[in-house]
Structure formats: structure tokens, C-alpha cells
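Have a look at the structure below before the remarks.
Residue numbers begin at 1 in each chain, while the letters A, B, ... track the order of the sequences.
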Amino acid sequence: MTSGPRFRFAPSPTGFFHVGGARTALYNWALAKRLGGKFVLRIEDTDEARNRPEWTEGIIDALAWLGISGDDPTFEGPYFQSNYAEAHLAAAQRLFEAGAAYYCDLTSEQIQERAKATGASGYDGYSRDRGLGPAPGRVLRFRVPDGETTVFDLVRGDVVFDHSTIEDFVLLRGNGTPMFLLANVVDDVEMQISHVVRAEEHLPNTPKQQQLWEALGHKPPFWAHVPLLVNEQRKKLSKRRDKVAVEQYRAEGYLAEAMVNYLMTLGWSPPGDREIVPWSAIERDFRLEDVNHSPAFFDVKKLTAFNGEYIRMLSVDDFIAACRPFLESPDVPWPADRFDPSKFGALASVVQSRASTLAEVPGVIDFVFLADPVLDEQAWNKTISAPGAKEVLLETTKAYRQLPDWRADVLKETLESVGEKHGLKKGKAQAPIRVAVTGRAVGPPLFDALEVLGREEVVRRLTMVASV
RNA sequence: GCCCCCAUCGUCUAGUGGCCUAGGACACCACCCUUUCAAGGUGGCGGCACGGGUUCGAAUCCCGUUGGGGGUGCCA
């Protein structure tokens with residue numbers, strides 16, 4: 001019945017999809033694809049999450065954006081942890097009956113007191129042999145035997161844990177509900193998971209889970225603990241301090257391909273000296289045993305650089321299509337009815353070579369669609385006070401008014417000859433016109449912009465500014 | 001406290017005992033190109049945490065130190 005490895009990915013819905021989770025998902029996905037296995041999605045749906053189905057939808061949506069989609073036969077699920085509630089309880093019952101687990105009626109306060117008294121830390125196994133049965137308020141604890149557990153980790157090799165450092169952990173709460181550890185293992189058993197690839201923070205829990213697998217009569221899966229993603233303080237990325245939501249990067253105009261490629265280079269690198277590689281190459285080359293052991297800093301700057309490269313790899317048409325949501329968004333700085341797709345299309349290629357995210361695109365061409373560009377006072381004052389600037393502005397306006405051909409090259413020629421008359425070099429001569437028409441001292445190539453804007457509008461803006 | 005993991009340029013990494021005077025990428029700097037800003041091109045800055053071993057030879061293996069991180073719940 002089972003055919004091929006089964007990789008489980010188990011994000012917990014929290015209202016957003018963490019970039020660290022995204023990388024783990026990608027690792028699982030690459031492996032499942034190459035090995036002809038399955039990517040098994042399990043949602044650890046908590047009570048809160050069950051009341052918010054949009055959280056789960058968000059995860060599935062984010063995964064699909066990254067290219068991990070339910071439409072692909074490699075994808076299996078989603079399965080919900082809550083659907084296995086009965087199996088969790090049945091497993092607990094079995095462990096109890098087999099003597100692998102026992103009930104305990106100590107409260108956490110009592111446990112703390114005992115710990116203080118004996119000088120030991122944590123639970124001391126007080127109820128191990130008291131023969132207690134189930135009752136409200138009593139927790140079921142796993143009886144950790146003497147000995148040691150060796151976790152065979154595909155990334156790190158063997159990691160040995162002495163059982164004396166593992167206390168008898170709780171399987172069932174006092175109210176009878178299963179703990180994460182139990183639920184997790186039971187789910188994996190039920191889904192016949194063969195590989196658990198997850199973040200390193202779970203490594204210390206692994207010997208507990210492995211013992212559970214064995215106590216339940218199953219051969220444990222292959223484990224792989226991949227390094228953590230950290231911030232500049234070298235701390236685990238957290239929602240509070242750090243920008244970690246995949247959805248947010250998507251909203252800011254990062255391309256999925258760039259995100260995927262960048263994420264994969266954190267803790268791993270493609271063979272050779274090239275980092276920008278297509279997914280097909282990643283899928284072919286990714287190996288768990290090549291994954292690094294140390295935490296990696298999630299560097300937005302480098303992500304952005306990757307994104308710029310990916311944007312430039314797009315055909316102009318694809319770039320225009322990718323920009324659409326950002327140009328038609330309600331947050332756009334211009335009145336919606338003034339947007340003209342053909343004008344954007346004419347400027348698209350010059351914008352494309354400059355953009356590092358799609359979200360910044362509206363900001364560089366807003367002057368085209370604004371009734372009147374927002375004038376940067378400082379830039380204006382500086383520009384117009386330069387010697388010859390005022391003259392160039394006036395004369396160019398006049399020349400443009402009666403230009404026979406309204407084309408970028410003619411516009412350029414005209415301005416340059418006016419500039420030369422006043423001893424201004426190309427760049428300098430351009431400045432007053434640029435600020436007058438676009439409102440800013442920097443922007444896309446001026447003459448392309450002028451051509452797109454049209455004579456009437458350009459002359460209008462020039463005379464308006466000149467009269468101030 | 002206890003347990004576990006980790007340690008190559010600022011950052012992500014290549015490196016699995018000689019090919020290393022340590023390679024690439026991001027960032028930064030300079031120059032070239034140029035129509036401002038980018039993009040592109042060329043070059044530069046910059047690293048094996050420390051101390052002991054092992055070895056003819058160590059970034060690579062071993063031990064220790066230091067430093068960082070994670071875990072240690074009737075959270076997930």
C-alpha cells in the first residue's frame with residue numbers, strides 16, 4: 001500500500017505563514033518531488049484555529065503561491081489534527097494498558113514543591129508505581145525507561161539523549177485532552193509518515209517522540225532538523241519583532257520564484273558558484289545531508305536583490321501582468337480613472353530594469369497618472385536656482401510647444417541644444433524639466449516619460465511651474 | 001540550573017586532510033558606461049572564534065575554552 005517516502009509538513013495556523021515554515025515546506029516539497037514520494041500536509045488546528053477557517057485557507061494559499069499546490073499529485077492533504085482525536089485517545093489508552101504510561105494526580109504546584117525539596121528539576125516520577133487509574137484532574141504520563149535514545153538525524157547524524165535527562169512527560173491533560181507530542185506522533189503514525197523534516201527547535205523533543213513511536217509498536221521515521229532562521233540579533237525569527245509573514249512579502253511585490261530561490265539558499269546552496277537557479281535544478285540537487293547545521297540570518301536585502309534579478313528575467317509582457325495588481329490596487333496614488341494601461345505599457349521596460357519589488361512601481365510612474373505631480377520643493381528650489389536653469393526651462397517650453405515631432409529622440413535633441421546654449425551638460429539641462437514635469441529629481445528616463453505624457457500635458461506642466 | 005545544537009568575510013555560503021596565498025553571492029567602496037536614478041561591466045575592502053593535540057601536512061579530524069542559539073509547561 002505504501003509506495004515511496006511520505007514527507008510530513010505540519011504548520012500550525014496562526015493567521016499568517018512564517019518564512020521559516022515556508023522554507024521547511026520547500027525542503028519537504030523538493031524531496032517529495034525528486035524521490036517520487038508525497039508531501040503530506042497536516043494542519044495542527046487548535047481550538048482557536050478551528051474557529052478561523054481563513055487561517056488554514058491562508059496557509060494553503062501561501063503554499064500554492066510558492067508552487068506547492070494541491071493540484072499536484074505529489075501533494076496530499078490537508079489533514080487536520082482534530083480529526084484524529086479518537087486515535088489520540090486510543091493510543092493513550094493502549095500505552096496505559098501496556099504499562100508504558102501511568103496516571104498522576106499531582107498539580108504543577110505540588111510538582112514544583114517536590115522539585116524544590118529534592119533539589120531535582122522537574123517531575124520526579126512520584127506516581128510511577130502508585131497504580132492510579134484515570135480520573136478527572138489526573139494526567140497521563142509516559143514512563144520514560146532507563147537507557148538512552150539515539151536520534152538518527154539526516155542533517156546532523158546521530159544525536160544521543162540520556163533518558164535520565166528526560167522526565168516522564170504528559171500525554172493526556174487533566175481534562176483528558178491529548179498533548180501536542182502525543183497527537184503529533186499518532187497523526188504521523190496514522191498517515192504513515194516516513195520523513196519528518198522540521199526546524200531545529202524540535203530536536204530536543206525528538207527523543208520523546210521517538211520513544212512514543214516505539215512504544216506504539218512502530219519504527220520511527222527518519223528525522224531531519226534544519227537550522228533555524230534568525231534575525232540580526234541571532235534570535236529565532238518572531239512575529240513580534242521581525243517581518244516573517246510570507247503574505248506580506250507577496251503583498252510588497254516579491255515574486256514567488258525569487259522568494260523560493262532565496263529561501264532555499266538559507267542553509268543550503270546549489271552546486272557550483274551560481275545561486276540564482278530555477279526550481280527544476282533545486283529539485284534535482286537538493287539533499288538533506290548537504291544542509292548546513294548553523295542558523296541563518298534572513299536577509300531582506302539579499303531577498304530584494306534576488307527579486308530584482310527575477311523581475312529583470314521576466315518578459316516585458318509578464319512584467320506588465322505582474323504589475324497589474326499593484327497598479328489597480330485601491331492604494332494607488334492616482335485617481336483610478338486616470339490610469340492608462342497603454343501609457344504604462346510604453347514605460348514598462350524602463351521601469352522593469354529599475355524595480356526591485358513590484359510594489360515600488362506605482363511610486364516611480366505616479367506622475368504620469370496624477371493630474372498634477374507632487375512637487376518636491378527642495379528638489380525644485382535646488383534645481384531652479386542653478387545657473388541657466390530658468391532660461392533652459394523657459395526656452396525648452398517654448399521649443400516644445402512648436403516641436404514638429406513629439407518623439408523621445410527629438411525631445412532629447414531639442415533640450416540638449418538649448419542646454420548647450422546656456423553651458424549646461426546633458427544631465428544638468430535635464431534637471432529643471434524633470435522636476436517641473438515629474439515633481440522629482442530622480443525617475444525613469446526623462447524623454448520616454450515626456451513622449452508618453454504627450455505635448456499638451458508636458459507643456460501645461462512646464463508653463464504652470466514656470467509661472468510660479 | 002540541566003539537556004541539546006552550532007561556530008569560514010558584516011550577511012548567506014563553497015570547502016569533507018595537500019588543488020586554499022580560502023572561491024562565489026548580497027551589502028559596501030571606486031571606476032567604466034550613462035539622460036537623473038537604476039541596470040550592466042571592471043576592480044577593491046573583508047573571514048577560517050581561541051588554545052591544545054593528531055599528522056610530513058588541518059578551515060577540514062580529536063579535546064578543551066569562549067561565544068551564540070534552542071529546548072526544558074496540564075503551549076504548539
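Contact annotation for A/L446: base contact, defined as any heavy-atom pair under 4.0 Å involving a base atom. Residue A/A431 is out of contact with every strand shown, counting any heavy-atom pair closer than 4.0 Å. Among the heavy atoms of the strands lying under 4.0 Å from A/L106 is at least one base atom, whether or not backbone atoms are also near. Note on A/E201: only backbone sugar-phosphate atoms sit closer than 4.0 angstrom, heavy atoms only; bases stay farther off. Base contact: A/K412 has a heavy atom under 4.0 Å from a base atom. Across all strands, A/R141 comes closer than 4.0 Å only to sugar-phosphate atoms, never to a base (heavy-atom distances). Using a 4.0 Å heavy-atom cutoff across all strands shown, A/R156 reaches sugar-phosphate atoms only and no base atom. Within 4.0 Å (heavy atoms only), A/E44 reaches sugar-phosphate atoms of the nucleic acid but no base atom. Here A/R434 lies in heavy-atom contact (under 4.0 Å) with a base. Among the heavy atoms of the strands lying under 4.0 Å from A/V159 are primed sugar atoms or P, OP1, OP2 only; no base atom is included. A/P444 comes within 4.0 angstrom of a base, heavy atoms only. Here A/R440 lies out of heavy-atom contact (under 4.0 Å) with every strand. Nucleic acid contact for A/P445: base, since at least one base atom lies under 4.0 Å from a heavy atom of the residue.
Atom C1' of B/rG57 sits at a distance of 14 Å from the matching atom of B/rC19, rounded to the whole Å. Of the P atoms belonging to B/rC9 and B/rG23, the separation is 14 Å, rounded to the nearest Å. Straight-line distance between the C1' atoms of B/rU42 and B/rU34: roughly 16 Å, to the nearest whole Å. Atom name P, nucleotides B/rU60 and B/rC37: the rounded distance is 47 Å, in whole Å. Taking atom P on both B/rA59 and B/rC3, the two are 32 Å apart, rounded to the nearest angstrom. Nucleotides B/rU8 and B/rA49 place their C1' atoms 10 Å apart, quoted to the nearest Å. Comparing the same atom, C1', in B/rG73 and in B/rC28 gives a spacing of 46 Å after rounding to whole Å. Comparing the C1' positions of B/rU36 and B/rA27 gives an interatomic distance of 24 Å, to the nearest angstrom.
The base-pairing partner of B/rA25, taking Watson-Crick or G-U wobble contacts with both distances under 3.5 Å, is B/rU11. When both distances must be under 3.5 Å, the Watson-Crick or G-U wobble mate of B/rU36 does not exist. The partner of B/rG64, taking Watson-Crick or G-U wobble pairs whose two distances both stay under 3.5 Å, is B/rC50. When Watson-Crick and G-U wobble pairs are counted only if both distances are under 3.5 Å, B/rA76 pairs with no nucleotide at all. Nucleotide B/rA30: paired with B/rU42 (Watson-Crick or G-U wobble, both distances less than 3.5 Å).
Within the cation-pi definition used here (under 6.0 Å to the ring centroid, within 45° of the axis), A/R141 qualifies as a partner of A/Y123.
With ring centers used as reference points, A/Y103 lies 6.0 Å or more from A/Y126. A ring-centre distance under 6.0 Å is not found for A/Y102 and A/F96. The aromatic ring centres of A/Y27 and A/W268 sit 6.0 Å or more apart.
Toward the 5' end of RNA chain B, the nearer of the two residues A/H202 and A/V160, judged by each one's closest nucleotide, is A/V160. Nucleotides of RNA chain B nearest to A/G427 and A/G267 differ in position, and the one nearer the 5' end is that of A/G267.
RNA chain B is contacted by A/E167, A/V170, A/R173, A/G174, A/M179, A/F180 of residues 167-184 of chain A, taking any non-hydrogen atom closer than 4.0 Å.
Note that CG of A/L263 and CG of A/L303 are 7.5 Å apart. Values are rounded to the nearest 0.5 Å. Once rounded to the nearest 0.5 Å, the distance linking CE of A/M191 with CG of A/L41 reads 9.0 Å. From A/L358, atom CG reaches atom OH of A/Y254 across 11.0 Å, with rounding to the nearest 0.5 Å.
Below 30°, between 30° and 60°, or above 60°: for A/F306 and A/Y262 the angle between ring planes is above 60°, a perpendicular geometry. Using cut-offs of 30° and 60° for the angle between ring planes, the A/H225 and A/W223 rings count as parallel.
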From CA spacing to verdict: salt bridge (charged side-chain N to carboxylate O under 4.0 Å, His left out), A/D168, A/K208:
CA-CA 9 Å; A/D168 288 353; A/K208 298 180 188 173; over 6 Å; no

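With a heavy-atom cut-off of 4.0 Å to chain A, the contacted part of RNA chain B has its first and last nucleotide at B/rG1 to B/rA76.
No side-chain N or O of A/S315 forms a donor-acceptor pair with one of A/D317 less than 3.5 Å apart.
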